[in-house]
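Read through the structure below, which is laid out as structure tokens, and then see the notes.
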2 protein chains.
Amino acid sequence: MTGHDRPLTARVEALREGVRRVNAKLPDLPAREVVLMRMLCLLGWEFTTNLDRRLRKHGLNDTDFRTLMVLFSSPDGMAHPSDLCHLVTLSRTNMTRIGDVLVARGLVTRTPSLEDRRRIVMRITAKGEALVRKLVPPLYPVLTALFADFGVREKRQLEALLLRLAAAFDAVDFRKES
Amino acid sequence: MTGHDRPLTARVEALREGVRRVNAKLPDLPAREVVLMRMLCLLGWEFTTNLDRRLRKHGLNDTDFRTLMVLFSSPDGMAHPSDLCHLVTLSRTNMTRIGDVLVARGLVTRTPSLEDRRRIVMRITAKGEALVRKLVPPLYPVLTALFADFGVREKRQLEALLLRLAAAFDAVDFRKES
DNA sequence: ACCTTATAGTTCATTACTGAACTATTTTTC
DNA sequence: GAAAAATAGTTCAGTAATGAACTATAAGGT
């Protein structure tokens with residue numbers, strides 16, 4: 001197990017204190033920004049690992065599931081591997097492997113494309129559709145519970161803030177210098 | 001490469017559309033909540049991978065770096081592996097490996113504890129301190145740029161919202177049912 | 001004091017992911 | 001319309017993480 005399931009709030013508190021101590025040694029540190037980014041990472045990671053744990057009982061992991069969901073949401077339930085790997089932010093290499101898994105489990109078919117013979121068409125099967133319809137609804141109460149404390153206004157606020165942050169990521173070139 | 005560096009805003013937009021199409025097929029889906037959680041994951045992941053790319057030039061990855069930072073922030077620059085792995089949310093197994101890496105690079109020492117002979121004491125070296133002081137300041141402009149668009153008030157708002165979400169994670173038992 | 005239980009760190013096997021190299025196609029360019 | 005460049009998918013080798021099993025030490029209960 002990763003963090004022995006220590007409460008997230010405790011980990012956030014430890015993070016703040018850690019950053020405060022670093023800030024004492026490096027006075028120019030933009031402490032609030034560091035805390036915000038690390039909290040974002042923490043929350044995202046927490047969600048992913050928890051979701052993963054639930055999916056594993058059904059023989060899927062988070063990336064298999066996301067891939068399946070994209071297919072589920074696609075017109076005619078089909079897409080090319082390279083489109084998929086863009087959409088779920090994974091390498092083509094990995095999408096080959098995920099395809100293997102999903103095909104082996106009968107959730108997806110993989111057939112050569114007729115229009116472009118380099119390509120493959122992945123298509124969700126009836127069994128895949130059924131699995132999605134079985135797995136997803138039990139997640140609703142979890143998702144609503146996570147945001148139960150939030151009003152519509154606050155959810156919109158959060159979404160807007162995250163969207164602006166996404167835009168900032170695109171504007172900042174992370175890669176340059178040092 | 002993961003997503004061929006497609007802009008984050010484009011990926012967020014694709015996410016929204018995907019969720020909207022899923023919602024058309026599963027009308028009870030709490031769409032806004034799904035989008036929020038996935039945006040959080042996306043942003044956290046984007047930060048981590050970009051940071052990782054920068055660190056790699058110096059022979060570290062994100063988890064090595066976080067471990068080193070926790071030691072940097074610790075009183076006397078020392079901590080036990082099991083404390084560290086709680087703080088950075090990694091397995092003890094992995095902390096052994098990270099210790100190996102950091103020791104091999106001369107950034108940390110590892111000595112048996114005298115009080116408790118099961119334990120090991122990891123301590124950041126002068127070289128480790130120096131590396132932190134060299135690596136961290138060049139990150140300041142990136143971090144401030146990411147939040148350049150945000151006022152103090154908005155940063156506080158975001159922090160408060162994320163904190164409440166963290167508390168909600170602790171309250172919700174993700175593991176139960178299905 | 002002794003037996004049980006818990007904790008610390010490691011090793012080992014396994015899972016998941018990536019980048020580079022390769023083959024097969026399609027698109028572009030001149 | 002042929003050569004060059006780009007794109008799609010796969011294989012392979014390497015990196016990073018995990019959980020289970022193991023050894024050693026410490027703490028608790030009676």
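This is a predicted model, so every value here is computed, not measured. Each chain gets a letter, A, B and so on, in the order the sequences are listed, and its residues count up from 1.
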Separation of C:dT15 atom P from A:Asp100 atom CG, nearest Å, is 14 Å
Would you kindly give the CD-to-C1' distance between A:Glu115 and D:dA8, to the nearest whole Å? 14 Å
Identify whether the distance between the nearest side-chain nitrogen and carboxylate oxygen of A:Asp62 and B:Arg38 falls below 4.0 Å. yes
Just the rounded figure in Å: distance from P of C:dA8 to CE of B:Met122. 15 Å
Between P on C:dT26 and CG on A:Leu114, what's the gap in Å once rounded to a whole number? 11 Å
Is B:Asn61 close enough to D:dA16 that one of its side-chain N or O atoms is under 4.0 Å from OP1 or OP2 there? yes
Compare every heavy atom of B:Leu68 with every heavy atom of B:Leu60, then report the nearest pair and how far apart it is. CD1-CD2, 4.3 Å
Scanning both residues in full, the closest heavy-atom pair of A:Leu43 with A:Leu8 reads CD2-CD2, 3.7 Å
Taken to the nearest whole Å, CD1/B:Ile120 to P/D:dT23 is 18 Å
Check whether any side-chain N or O of A:Asn61 sits under 3.5 Å from a backbone N or O of A:Thr63 as a donor-acceptor pair, and report yes or no. yes
Considering only NZ, NE, NH1 and NH2 on the basic side and carboxylate oxygens on the acidic side, decide whether B:Asp52 and B:Arg66 come within less than 4.0 Å. no
Determine yes or no for a side-chain-to-main-chain donor-acceptor pair under 3.5 angstrom, with B:Lys127 supplying the side chain and B:Arg105 the backbone. yes
How many whole angstroms separate atom CZ of A:Phe65 from atom P of C:dA16? 16 Å
Kindly determine whether A:Val136 and B:Lys25 satisfy side-chain contact (heavy atoms from CB on, under 4.5 Å), including the steps that lead there. CA-CA 12 Å; A:Val136 173; B:Lys25 296 178 78 174; over 6 Å; no
Quantified as the angle between the terminal helix axes (five pairs each), what is the overall bend of the helix from C:dA1-D:dT30 to C:dC30-D:dG1 to 10 degrees? 40°
What's touching nucleotides 2-7 of chain D from the protein side, N or O pairs under 3.5 Å?
residue : atom : partner  : partner atom : Å
D:dT7   : O2   : A:Arg118 : NH1          : 3.0

Please tell me whether B:Arg20 and B:Asn23 have a donor and an acceptor in their side chains that are separated by less than 3.5 angstrom. no
Whether B:Asp149 side chain and A:Ala168 backbone form a donor-acceptor pair below 3.5 Å: no
B:Met95 vs A:Ile98, nearer the 5' end of DNA chain C by closest nucleotide: B:Met95
Gap between atoms CG and C1', on B:Leu87 and C:dA8 respectively (whole Å): 16 Å
Assess whether one donor atom and one acceptor atom, taken from the side chain of A:Thr93 and the base of C:dG19, lie less than 3.5 Å apart. yes
When you match B:Asp83 and A:Val101 each to their closest nucleotide on DNA chain C, which lands nearer the 5' end? B:Asp83
The side chain of A:Thr96 lies closest to which of these nucleotides: D:dT18, D:dG9, C:dT26? D:dG9
Would you say B:Thr63 places a side-chain N or O within less than 4.0 Å of OP1 or OP2 belonging to D:dA17? yes
Under 3.5 Å, side chain of B:Ser73 to main-chain N/O of A:Arg21, donor-acceptor pair present? no
Looking at C:dA16, I'd like to know if its phosphate oxygens (OP1 or OP2) sit under 4.0 Å from a side-chain N or O belonging to A:Arg56. yes
B:Asn94 side chain near D:dT18 phosphate (N/O to OP1/OP2, under 4.0 Å): yes
Ranking D:dG9, D:dA17, D:dA26 by distance to the side chain of B:Leu90, first place goes to D:dA17
Closest to the A:Arg97 side chain: C:dC17, D:dA17, D:dG9? C:dC17
Please give, in whole Å, the distance from D:dA8 P to A:Leu84 CG? 12 Å
